[in-house]
Amino acid sequence: GVTVAGGNGRGCRLDQLNHPVGLHVSEDRSIYIADYQNHRIMKWREGCPSGLVVAGGQGGDAGLGVDAGLHSLWEPTDVTIDASGAMYVADNGNARV
C-alpha cells in the first residue's frame, strides 16, 4: 500500500492526523478526512506532503468543548462533498450535520 495522507506520527501538524475515521475522495482526487481527535476536516491534494484544514480546528477547538459554535467541530466522524461542492460533516460530539 501507499500512504496518501498523514504517516508522520499522530499529532496536529498539517502533515499529521489523529484518529482519521471518515473520508471522501473528490473528482479531482483530493481526499477529505474527518480527523476525529483533532476536531477538524483536512483536505489532502494528490501528491502533497501536507493537508489543509477546511473545517473546524480553528484556534484549538479541542479545548472549547462540546457545542463551541457553528464553526467548531467536536469529534467529526465523516465528511462528503456533493456535486455543487457543498461539504457535509457528521459532527459527532455536537450531535449535528
Side-chain angles (χ1 to χ4, degrees):
V2 176
T3 300
V4 296
N8 297 298
R10 182 178 298 149
C12 61
R13 295 187 324 236
L14 294 178
D15 66 344
Q16 295 176 307
L17 297 169
N18 191 356
H19 199 99
V21 292
L23 61 87
H24 173 84
V25 180
S26 66
E27 287 188 26
D28 70 357
R29 298 177 54 129
S30 293
I31 301 172
Y32 292 81
I33 303 164
D35 192 5
Y36 184 83
Q37 290 185 337
N38 281 325
H39 312 287
R40 65 188 182 183
I41 303 298
M42 296 290 291
K43 177 181 180 180
W44 235 279
R45 293 183 190 264
E46 186 175 19
C48 288
S50 63
L52 175 71
V53 177
V54 295
Q58 309 298 321
D61 292 300
L64 297 175
V66 174
D67 199 21
L70 291 176
H71 299 291
S72 296
L73 299 174
W74 188 257
E75 299 173 341
T77 57
D78 206 2
V79 59
T80 193
I81 311 292
D82 71 13
S84 72
M87 179 187 312
Y88 298 88
V89 176
D91 188 5
N92 180 58
N94 286 314
R96 64 186 179 191
V97 174

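All values below come from the heavy atoms of this structure, side chains included, with hydrogens, waters and symmetry mates left out. Numbers here are sequence positions counted from 1. Given the structure is predicted, the values throughout are model-derived calculations rather than measurements.
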Counterpart residues, salt bridge (Lys or Arg N to Asp or Glu O under 4.0 Å), relative to R13 (two or more places apart): D15
May I ask you to test the [X]-[Y] pair for a side-chain heavy-atom distance under 4.5 Å?
X	Y	result
I33	W44	yes
P76	V89	yes
D82	T80	no
Q37	E75	no
M42	L52	no

Sorted by chain and residue number, the side-chain contact (heavy atoms from CB on, under 4.5 Å) partners of T77 (sequence neighbours excluded) come out as V21, Y36, A90, N92
R40 versus C12, closest heavy-atom pair with distance: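 Scanning both residues, the minimum pair turns out to be NH1-O, 3.0 Å.
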Smallest heavy-atom separation, S72 atom then R96 atom, equals O-NH2, 2.6 Å
Distance, nearest 0.5 Å, that separates [atom1] of [X] from [atom2] of [Y]:
X	Y	atom1	atom2	answer
I31	E46	CD1	CD	8.0 Å
L17	H19	CG	NE2	11.5 Å
N94	H39	CG	NE2	10.0 Å
N18	R10	CG	CZ	5.5 Å
L23	D35	CG	CG	12.0 Å

Is V25 reachable from V4 through a run of I, L, V, M, F, W or Y residues, each pair having side-chain heavy atoms under 4.5 Å apart?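 In one cluster with V4: V25, yes.
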Is the backbone of G11 close enough, under 3.5 Å, to the side chain of N38 for a donor and an acceptor to pair up by distance? yes
